[in-house]
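So the structure is just underneath, and the comments pick up after that.
Residue numbers begin at 1 in each chain, while the letters A, B, ... track the order of the sequences.
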Amino acid sequence: MTKSEVFYDGFWHNNTIFAQLLGMCPLLGVTTSAENGFWMGAATMLVLLGSNLVVSLVRDLIPKNVRIPAYITIIAAFVTVVGMAMNAWMHEMYLILGLFIPLIVVNCAILGRAEAFASKNSVSDSVVDALAVSAGFTFALVVLGGVRELLGQGELFGFALFGDSYPDVLMFILPPGAFIALGFILAGVNLINRKLKQRAETPLAVTTTETAEAK
Amino acid sequence: MMFDRDQARMVLAIFVVAVLAAAIVGLTDIFTRGPIAQAQKEALHKALVLVLPKHANDAQADLLTVAETTIYPGKDALGNVRGFAWEVIARDGYSGSIRILVGVRPDGEIHAIRVTNHLETPGLGDGIVKNHDWLQSFAGRMLEGTRWKVKKDGGDFDQFTGATITPRAVVKAVKGALAFYNSHRQAILNAVEEQNAKPRGAKVSEHGMKLETKID
């Protein structure tokens, strides 16, 4: 796989949320606003970058039978480091997300990348994969957080868009709203994928009609 | 031999990973301990400025401990006490505990309150942080003469649309804070007096002596 294929695969085709439906705990917990989703994604990105990098570096040194505990230890170390750093330098955001940061350890998406990708691929590919997967994850968190914030509070990134008269739809702030919004987003993603597939399957016909129209 | 070669390799691998992970976490702890303490101090300072009446001292440096409660006194430049602030924790909110910093004047009247940490639902229960009119409705209240309940329960404080549990918990906790002040007022005032009497600068101790007469 080339680097761009790795990126496309991690960001979109195998998107943690949209395609694999993994990492639902942080997804439901923190996406009450776009900003929370973004910072949760950023924290996950730091952890995934670290764990993919280290796991691919030591992939030949760790015996197969004990790889899972070794990976989990590596991931847990990075999560603790990110949590401490956030507490120190982004204290206000830490107060909001603090509860969910330690839970990144058990985000199966991260162990999944260590096991399925970093343990089998080169360091540079693993870094690209980490960036792609976490960017895709962050994108999904921001989209879902944005939809819930917009429908639930009439705001986006904290800015009121509809004025004071907007009747807050409480359901979207509460966990059931996350599932409902996610369902509609997944439907949209499938629609886009179908369109992409159709376009990919009929390249000749499209080119001929286009040339015909051009003439 | 107890281990064969493969087992020894496994043990060694896990051991090395664990030691390195512990070292990294330990190093990070050393580097972040200072900044974390600083960030917490700054967050508390911001809240103290809001809940205490205008004061000139470093309320965190002058902290008192009365009845196992940490109390931050606000004093003017002469050492006269202007108010006290301390944290109460409401454990009956919607999710997790709500930490509230309550600022009272020496006579037991609330100056202001601020929620310093909570896990309530954003957009619902977090009105206790965002709704300034609601926070303002605590100013000037005393233990007596106020119905310490939300309006739904026949009290003086608004609940929020769709969220009653959160404000109810906060109102109850603030009431508890005032009850604490009323029953420990003399002990708290004595503690300030004692602090002012310590030779930390002639000015402060001199005026500290007048404290008792000034307040009653």
Of all heavy-atom pairs between [X] and [Y], which one has the smallest distance, and what is that distance?
| X | Y | result |
| --- | --- | --- |
| A:I62 | B:V17 | CD1-CG2, 4.1 Å |
| B:A43 | A:H91 | CB-CD2, 4.1 Å |
| A:P69 | B:I14 | CB-CD1, 3.9 Å |

- prompt: Do A:W89 and B:T32 touch side chain to side chain, with heavy atoms closer than 4.5 Å?
  reply: yes
Is the number of heavy atoms from other residues, nucleotides or ligands within 6.0 Å of [atom1] ([X]) greater than 12?
| X | atom1 | value |
| --- | --- | --- |
| A:W39 | CH2 | no |
| A:K3 | NZ | yes |
| A:F100 | CZ | yes |
| A:H13 | NE2 | no |
| B:Q60 | CD | yes |

- line: When the 4.5 angstrom heavy-atom criterion is applied to A:E92 and chain B, the contacting part is side chain
- line: So, the part of A:N65 with a heavy atom under 4.5 Å from chain B: the answer is side chain
Partner chain A: residue of B:E42, B:Q38, B:Q40 with the largest heavy-atom pair count (under 4.5 Å):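 When all of B:E42, B:Q38, B:Q40 are compared, B:Q40 has the most.
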task: Using a cut-off of under 4.5 Å on heavy-atom pairs, state which of B:A22, B:P35, B:A21 scores highest against chain A.
output: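 Greatest number of close heavy-atom pairs with chain A: B:P35.
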- request: Select one option (side chain, backbone, both, neither) describing which atoms of B:D29 are under 4.5 Å from chain A's heavy atoms.
  value: both
message: Just so I understand: if I count every heavy-atom pair under 4.5 Å between each of A:M84, A:E155, A:K64, A:R67 and chain B, which residue has the most?
response: A:M84
- line: Looking only at A:V81, A:L61, A:T73, A:V54, most heavy-atom pairs under 4.5 Å shared with chain B are made by A:V81
